[in-house]
Structures are given as structure tokens and as C-alpha cells.
J.: 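The structure is given below, and queries will be raised subsequently.
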Amino acid sequence: MTTLSRRGLLGGMAAATALGPLATHRSAHAAAPVTGKQAPGFYRYKVGSIEVTVVTDGMRDAPMGSLIKNASAEQVNAALDSAFLPKDKFPFVFNPCAVNTGSKLVMIDTGLGPATFAQSKGTAGQTHGNLAAAGIDRNAVDAVIISHFHGDHINGLLNADNTPAFPNAEVMVPAPEWAFWMDDARMNSAPEGLKPNFANARRVFGPLASKITKYEDKKELVPGITSMFTFGHTPGHSSHVIASGSESVVIQADVSNHPALFVRNPGWHAAFDMDAAVAEATRRKLYDQVSADKSRLQGFHFPFPSAGYIEKDGSGYRYVQGTWSPTL
Ligand SMILES: [Zn+2]
């Protein structure tokens, strides 16, 4: 077994220098310009015969402020630090996915859309571009399944000119989510802070009215993809289970946000969970289940490629990112 030591490293470097002309020749090529930008973000894995492509929408930091209601700044910073993340910032990552069942090409959620792509100078709203990089034609998408009506999940349904971004797709939405956000009386009596969310749902779904179908709990939406209502984050929030043969994965949407915060600390309440107590109960129930089943789970707000495993760990849970595979 080799022990990597400073002395060993320096010894190796001395040996490389001793190569003389070869080393000089190689250093001449080190002046190539740096790329300066990230590679397109998509990652594939199989669930039985179904092909899942995680297509990242990118990432944005937000000031932590009081985004976590029942933990101190010290506790939150300690959790960030333990994951080697910068303090005082909320790391919002966004990962929709495309699912090819063999008979249907389906999107689950759509990212922040082209307006955010422009505003953020490309750090978020990347889904449409990354779909193209992944070789997935938006015109070929048969259905878009929406988990809930927050902008990071629905805004990518439209192009910058408000035309449908998936022009041939049926748009499937959770019936209770539609009932909540499209209720005018509820919008009119909502707190001011929530009103833009009602308005945005009308903006996005208006041009898609003829394409929308509403779904209930435990329904097979397309062969191999079944709804699983997981309320709390929003009143009609839904996760989805992809299953084929003996394999399955839970596409959890926003049952939790970043795992370093909310998988480790499932009792922490995020300001964006509309009913935080219900969200916590949902989270614990789902994570107890996937821990016991050892089944794969994908989180929309988990670090890309956002698919891995969760196991019980003390009073919380531990997230283990799945290992990258060179083949499908
Ligand atoms: Zn979200």
C-alpha cells in the first residue's frame, strides 16, 4: 500500500523534472486558454427498461436570512460547513428530469425558464439548453408532469415569447394543486407575499389551457410513472414513482430542499413550506420508507445529478449520492 506523503509528492516531481526536454516540451502546451465555462449538465440512469435523464436547470444562491424558521444561524452555518458549503447562503439547485418509458417521452417539472436564464446570465433556467445538449427534442415530448406550482417547476413550460415550450405535450397537474392556486377567491384573500404565486400560475397555464389534465393520487400517469401525493410544501404537492421490472425510483420534487440542511435535519422548517408541520411529517414518512426499502430517490433541489439513497441516521437521515456509471 502506498502512503501519499509530501516527501513522496516532491520526490515524484523531481523525477518528472529529470525528464528534461520532454518536461520542457510539455510545459509549452500548458498555455492553452482555459474554457471558462461549465459543461452542459445532464446525467442518465436506468430504472428497469426506463431511461431517466436528469437535466439540470442550474443553481442560484440566496441570502439565508430567516429561510429556516426554527434553527439558529449558528446551527444552519454548522450544517452548511459540514457539507463544505459557504456560510449564510442558501444553495438553491434545480434538477428537472426527462423520462423515456420506451413508449412515451415525459418531462417531470421544467425549471425556471428563459426569463431567469437571461436575468441570471445563464446560472439558472438552463433546462431548455441542457435538453438540447442531451439530444432531447422538446417537440418530441408527449407529456409534462408537474409536481407543484412554484415558478422553479412550471416557468419552463413556456418559451420567452410565452408560446408552449413543449408544443406537443399534454400538461399533467395535481388536481388539488390546481384547485388551490386557480381559486380566485383564495387568491384575493391571500397574503400579499403569496399573490405573485397565484398570478404566475395564471400567466403560465393560460396559454396551455387546452393541454391541461388534472391527476389524483396513486394514478399511473403514463406507463411506469405513478403519482404519490406528498402535501406540505404546497397544498397539492405531488411526488412520482418510476417503476420498471424490479427497479424503482422516487422522484420526490420538494419533499425536502438541500439534503445537507433538511435530510440531515428533517425537523427544520423552511419558510417556503406552506404547511411546515405537514411537510415535516411527509418528509419523515417518505424517508423512513425509502430507508427501509433501500430504494433510490431523486430530489429536485439535491446537488446535481441529484439521485441517490437515504438512510436513517440518529434523529435525522443521511443522503448518499449515487455513483456515476459510465454505462446504462
Ligand atoms: Zn422547488
Side-chain angles (χ1 to χ4, degrees), residues 41 54-65 67-69 89-98 107-117 119-120 123-128 130 144-158 165 171-174 176-178 180-181 193-194 196-201 203-205 227-240 250-263 266 268-276 278-280 282-283 286-287 297-308 319:
V54 186
V55 182
T56 193
D57 194 57
M59 179 177 181
R60 297 187 96 171
D61 284 330
M64 184 62 76
L67 278 176
I68 301 175
K69 295 187 290 187
K89 288 180 181 170
F90 197 106
F92 272 114
V93 289
F94 312 97
N95 292 305
C97 63
M107 285 295 296
I108 302 181
D109 291 331
T110 63
L112 284 151
T116 296
F117 186 80
Q119 285 160 9
S120 69
T123 62
Q126 298 181 351
T127 299
H128 294 175
N130 280 330
V144 181
I145 297 172
I146 295 294
S147 64
H148 66 293
F149 287 7
H150 283 158
D152 49 331
H153 299 259
I154 63 173
N155 288 0
L157 278 165
L158 299 181
V171 178
M172 308 170 101
V173 302
E177 188 75 351
W178 181 273
F180 179 85
W181 294 108
L194 213 50
N197 216 122
F198 284 89
N200 190 54
R203 178 188 73 83
V204 171
F205 292 118
S227 60
M228 178 173 66
F229 283 180
T230 42
F231 297 163
H233 178 65
T234 62
H237 182 274
S238 184
S239 303
H240 303 91
V250 176
I251 310 293
Q252 72 151 14
D254 288 18
V255 167
S256 68
N257 203 287
H258 200 293
L261 299 170
F262 300 102
V263 173
W268 283 5
H269 291 175
F272 39 76
D273 285 345
M274 291 174 68
D275 188 329
V278 172
E280 179 185 341
T282 295
R283 189 151 56 234
L286 178 63
Y287 292 171
L297 179 137
Q298 185 177 313
F300 185 89
H301 293 290
F302 285 12
F304 179 76
S306 75
Y319 173 64

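Indexing begins at 1, ligand by ligand and atom by atom, following the structure's order. All figures in this text were calculated on a predicted structure; none of them were measured in a lab.
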J.: Look at the aromatic rings of Phe272 and His233 and report parallel, tilted or perpendicular, splitting at 30° and 60°.
T.: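 Geometry flag for His233 against Phe272: perpendicular rings.
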J.: When you measure from the side chain of Thr230 to the backbone N and O of Ser239, does any donor-acceptor pair fall under 3.5 Å?
T.: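 Such a contact is found between Thr230 side chain and Ser239 backbone.
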J.: Which word best sums up how the rings of Trp268 and Phe262 line up, parallel for under 30°, tilted for 30 to 60°, or perpendicular for over 60°?
T.: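 Plane angle over 60°, so perpendicular.
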J.: Going by the rule salt bridge (Lys or Arg N to Asp or Glu O under 4.0 Å), which residues pair with Asp109 if we only count those two or more places apart in sequence or in a different chain?
T.: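 By the salt bridge (Lys or Arg N to Asp or Glu O under 4.0 Å) rule, Asp109 matches no residue at all.
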J.: Residues two or more places apart in sequence or in another chain: which of them pass ring-ring contact (aromatic ring centres under 6.0 Å, His included) with His301?
T.: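 His301 satisfies ring-ring contact (aromatic ring centres under 6.0 Å, His included) with Phe94, His153 once adjacent residues are dropped.
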J.: Using a cut-off of 2.8 Å, find all protein N, O or S atoms closer to the Zn ion (ligand 1) than that distance.
T.: Asp152 OD2, His153 NE2, Asp254 OD2, His301 NE2
J.: Could you tell me which residues satisfy side chain to side chain contact (heavy atoms under 4.5 Å, CB included) with Ser120, sequence neighbours excluded, listed by chain and number?
T.: Arg60, Thr116, Thr123, Ala124
